[in-house]
K.L.:
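Below is the structure I would like to discuss, written out as structure tokens.
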Amino acid sequence: MEKKELLYEGKAKKIWKTEDENLLISEFKDSLTAFNGKKRSLEEGKGALNNQISAVLFEYLEEKGISTHYVRMLDENHMLHKRTEVIQIEVIVRNIAAGSLSKNLGIAEKTVLPFALVEFDYKNDALGDPKLNDQHCLLLNLVNHSDELEFIRFTARRINTLLGRLFTKMDINLVDFKLEFGRDKDGNIILIDELSPDNFRLWDAKSGESMDKDRFRQGLGGLSDAYQSVLKRIQHRSKEGWA
Ligand code: C5P
């Protein structure tokens, strides 16, 4: 499968059309952005790490019964996936307080939440990705019916349970993460985008160190080594079988 016309270029990926109108190719870039694009950098090899981490996690979730856009990895930086109509909601799931939750609501960082918190943000850079409640989602026609929001919330919680279990076995705490969903050609809502340390907060269970994009956001350095360690641990688990 080859890249044809460029469909879209985002902060972390280029998305290409293919000869099949229902399939696209994502090219994972080495560029890093934070704070809504205000901080920028380049980290050689980051795109390849995110592509490989995403591929293994999509395969794991598919095996556990979650429908995703993933088809296969083409090479280090390229992933083949289904074309969907993107639902313009960023679904954030949180297990431990950090980032904007701590900042906005004054909950001390590292507080373990009594339940997995699911939040919806409007995927809209110009507006700074504001928080949405269910009524906002319906008002903006981001979904067709409140049942779709329930499905997205339920699926996000299920993914959190599955990924949380997996990361625990890898000595990593799954602090929080962002998911995106889209509608496939048959109208089914499926998981899309990427599953990588660019979109996840991952803390080493023993040292407490960040193994994610916070290393860039906070200027800590060592981003590639941290992502590489996440990939190695995931590959080790996948070789042992998911069970
Ligand atoms: O910044 P905040 O604490 O709201 O982020 C929560 C989680 O969602 C983090 O893991 C972050 O990496 C992810 N996120 C993202 N893309 C955004 C906003 C948040 O991947 N636009």
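As the structure lists them, so they are numbered: ligands from 1, and atoms in each ligand from 1. Bear in mind that the values here come from a model prediction, so they are computed numbers and not experimental data.
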K.L.:
To which of Asn104, Thr33, Asn199 does the heavy atom nearest atom 13 (C) of ligand 1 belong?
P.N.:
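That would be Asn199.
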K.L.:
Are any of the side-chain heavy atoms of Phe200 and Val230 separated by less than 4.5 Å?
P.N.:
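A side-chain contact under 4.5 Å is absent here.
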K.L.:
Hey, which atoms in ligand 1 end up nearer than 4.0 Å to a heavy atom of Arg217?
P.N.:
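What qualifies from ligand 1 is 11 (C), 12 (O).
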K.L.:
Can you pull out the closest protein heavy atom to atom 14 (N) of ligand 1? Residue, atom name and distance to 0.1 Å, please.
P.N.:
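Scanning the protein heavy atoms, the shortest distance from atom 14 (N) of ligand 1 goes to Lys178 CB, 3.7 Å.
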K.L.:
Counting from 1, what ligand 1 atoms have a heavy atom of Glu90 closer than 4.0 Å?
P.N.:
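Going through ligand 1 atom by atom, the ones under 4.0 Å from Glu90 are 17 (C), 18 (C), 21 (N).
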K.L.:
Is the shortest distance from a heavy atom of Asn36 to ligand 1 less than 4.0 Å?
P.N.:
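No, that is not the case, since the closest heavy atom of the residue is not under 4.0 Å from the ligand.
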K.L.:
Shortest non-hydrogen contact from Asn51 to His78?
P.N.:
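Closest approach of Asn51 to His78, heavy atoms only: ND2-N, 3.1 Å.
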K.L.:
Nearest heavy-atom pair of Ala12 and Lys46: which atoms, and what distance?
P.N.:
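Answer, listing the atom of Ala12 first, then Lys46: CB-NZ, 4.4 Å.
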K.L.:
Considering only the protein, which heavy-atom contact is closest to atom 7 (C) of ligand 1, and what is its distance?
P.N.:
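So the nearest neighbour among protein heavy atoms is Asp176 OD1, 3.4 Å.
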K.L.:
If the cut-off is 4.0 Å to any non-hydrogen atom of Gly99, which atoms of ligand 1 fall inside it?
P.N.:
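Every atom of ligand 1 under 4.0 Å from some heavy atom of Gly99: 3 (O).
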K.L.:
Should the pair Arg233-Asp204 be classified as a salt bridge under the 4.0 Å nitrogen-to-oxygen rule?
P.N.:
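Yes, Arg233 and Asp204 are salt-bridged.
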K.L.:
Hey, are Lys178 and Glu180 close enough for a salt bridge, meaning a charged N less than 4.0 Å from a carboxylate O?
P.N.:
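Yes.
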K.L.:
Could you check whether Glu43 and Ser224, counting side-chain N and O atoms only, form a donor-acceptor pair closer than 3.5 Å?
P.N.:
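Per modelled atom types, Ser224 and Glu43 side chains form a pair under 3.5 Å.
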K.L.:
Closer than 4.0 angstrom, basic N to acidic O: yes or no for Asp212 and Arg201?
P.N.:
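Salt bridge flag = no for Arg201 with Asp212.
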K.L.:
Quick check on Lys103 - does any of its heavy atoms sit under 4.0 Å from an atom of ligand 1?
P.N.:
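Outside the 4.0 Å threshold, so no.
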K.L.:
Show which atoms of ligand 1 fall inside a sub-4.0 Å distance from at least one heavy-atom site of Ile92.
P.N.:
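Within the 4.0 Å cut-off of Ile92, ligand 1 contributes 6 (C), 8 (O), 19 (C).
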K.L.:
N/O to N/O below 3.5 Å, does that happen between Arg201 and ligand 1?
P.N.:
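By distance alone, the answer is yes.
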K.L.:
Using a 4.0 Å cutoff against the non-hydrogen atoms of Asp129, which atoms of ligand 1 qualify?
P.N.:
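Reading through ligand 1 atom by atom, the close ones are 21 (N).
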K.L.:
For atom 2 (P) of ligand 1, which protein heavy atom lies nearest, and how many Å away is it?
P.N.:
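It is Ser100 OG, 3.4 Å.
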K.L.:
Is it true that Arg183 and Glu148 make a salt bridge, defined as a side-chain N closer than 4.0 Å to a carboxylate O?
P.N.:
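Glu148 and Arg183: salt-bridged.
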